[in-house]
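These notes are about the structure you will find just below.
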Amino acid sequence: QVQLVESGGGLVQPGGSLRVSCTVSGGTIFTYGMGWFRQAPGKEREFVGFASRGGIIKYADSVKGRFTISKDFAKSTVYLQMNSLKPEDTAVYYCAAAGVVGVTEKDYAHWGQGTQVTVSS
């Protein structure tokens, strides 16, 4: 019974930083590749980035150079560090787990509940 729980969302000013977390229970992140997605109000869910079990990290062009994915294996937690935040980054951020990572929702078997990130003055 794998469960993913996101945390760390909140309100941040444009240009600011925020780190969101995804903790896996009923398993560990050794077992899975981990992806991040986001969904803004009235828009489709979009790929943000992934970190594979083999150490490959990929980011969407919209966040490349600003966002960083990292893992803490002892805590079975994956992080998304978000810097230089823009209003268009406002969304619910979701983590997901997969045997083999990809850039579409269908690649992932397990999903968290999401955490709200709002970028506004």
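Note that these values count all heavy atoms, side chains included, but never hydrogens, waters or copies made by symmetry. Note that this is a predicted model, so its numbers are computed, not measured.
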side-chain contact (heavy atoms from CB on, under 4.5 Å) involving [X] - partner list, sequence neighbours excluded:
{"X": "S120", "value": "L11, T118"}
{"X": "T28", "value": "F30, T31, S76"}
{"X": "S84", "value": "R66"}

**Study point:** Nearest-0.5 Å distance, CG of residue L4 to CD of residue Q113
**Key:**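 Here the interatomic distance stands at 9.0 Å.
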
Cut-off 3.5 Å, no hydrogens considered: what does the side-chain donor-acceptor table look like for residues 91-106, sequence neighbours left out?
from	atom 1	to	atom 2	distance (Å)
Y93	OH	R38	NH1	2.9
Y93	OH	D89	O	2.7
T104	OG1	D107	OD2	3.0

Check your understanding: With Q3, which residues qualify under side chain to side chain donor-acceptor pair (under 3.5 Å), at least two apart?
Key ->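 By the side chain to side chain donor-acceptor pair (under 3.5 Å) rule, Q3 matches no residue at all.
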
Practice item. Apply side chain to side chain donor-acceptor pair (under 3.5 Å) to T23 and list each qualifying residue two or more places apart in sequence or on a separate chain. Key: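 So T23 forms a side chain to side chain donor-acceptor pair (under 3.5 Å) with T77.
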
Point to revise | CD/Q13: more than 12 non-hydrogen atoms of other groups inside 6.0 Å | key: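 Not buried by this count: 12 neighbours or fewer within 6.0 Å.
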
Exercise for review: Might you confirm whether atom CD of E88 has over 12 heavy atoms from other residues, nucleotides or ligands at distances under 6.0 Å?
Suggested key: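 Counting other residues, nucleotides and ligands, CD of E88 exceeds 12 neighbours.
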
Review point. Which residue pairs pass the salt bridge (Lys or Arg N to Asp or Glu O under 4.0 Å) test with at least one member in residues 15-32, sequence neighbours excluded?
Key: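 Pairs touching residues 15-32 that pass the test: none.
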
Check your understanding: What is the minimum heavy-atom distance between Q81 and S17, and which atoms define it?
Key ->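 For Q81 versus S17, the nearest heavy atoms are NE2-CB, 3.9 Å.
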
Exercise for review: Could you pull out the closest heavy-atom pair between V119 and T90, with the gap in Å?
Suggested key: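 Smallest interatomic distance, heavy atoms only, reads N-OG1, 2.9 Å.
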
Side-chain polar contacts of residues 54-62 - donor-acceptor pairs under 3.5 angstrom, sequence neighbours left out - could you list them?
from	atom 1	to	atom 2	distance (Å)
Y59	OH	I69	N	2.8
D61	OD1	K64	NZ	3.1

Hey, any chance [X] and [Y] share a hydrophobic cluster, counting ILVMFWY side chains that come within less than 4.5 Å of each other, even indirectly?
{"X": "F73", "Y": "F50", "value": "no"}
{"X": "F37", "Y": "L80", "value": "no"}
{"X": "Y79", "Y": "F47", "value": "no"}

Review point. Are any of the side-chain heavy atoms of M82 and V20 separated by less than 4.5 Å?
Key: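 Of all side-chain heavy-atom pairs linking V20 with M82, at least one is under 4.5 Å.
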
Point to revise | All pairs passing disulfide (SG to SG under 2.5 Å) where residues 45-79 contributes a residue, at least two apart | key: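 Applying disulfide (SG to SG under 2.5 Å) to every pair that reaches into residues 45-79, excluding sequence neighbours, yields nothing.
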
Point to revise | Plane angle bin for W111 and Y108 - parallel if under 30°, tilted between 30 and 60°, otherwise perpendicular | key: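 Ring orientation of Y108 relative to W111: perpendicular.
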
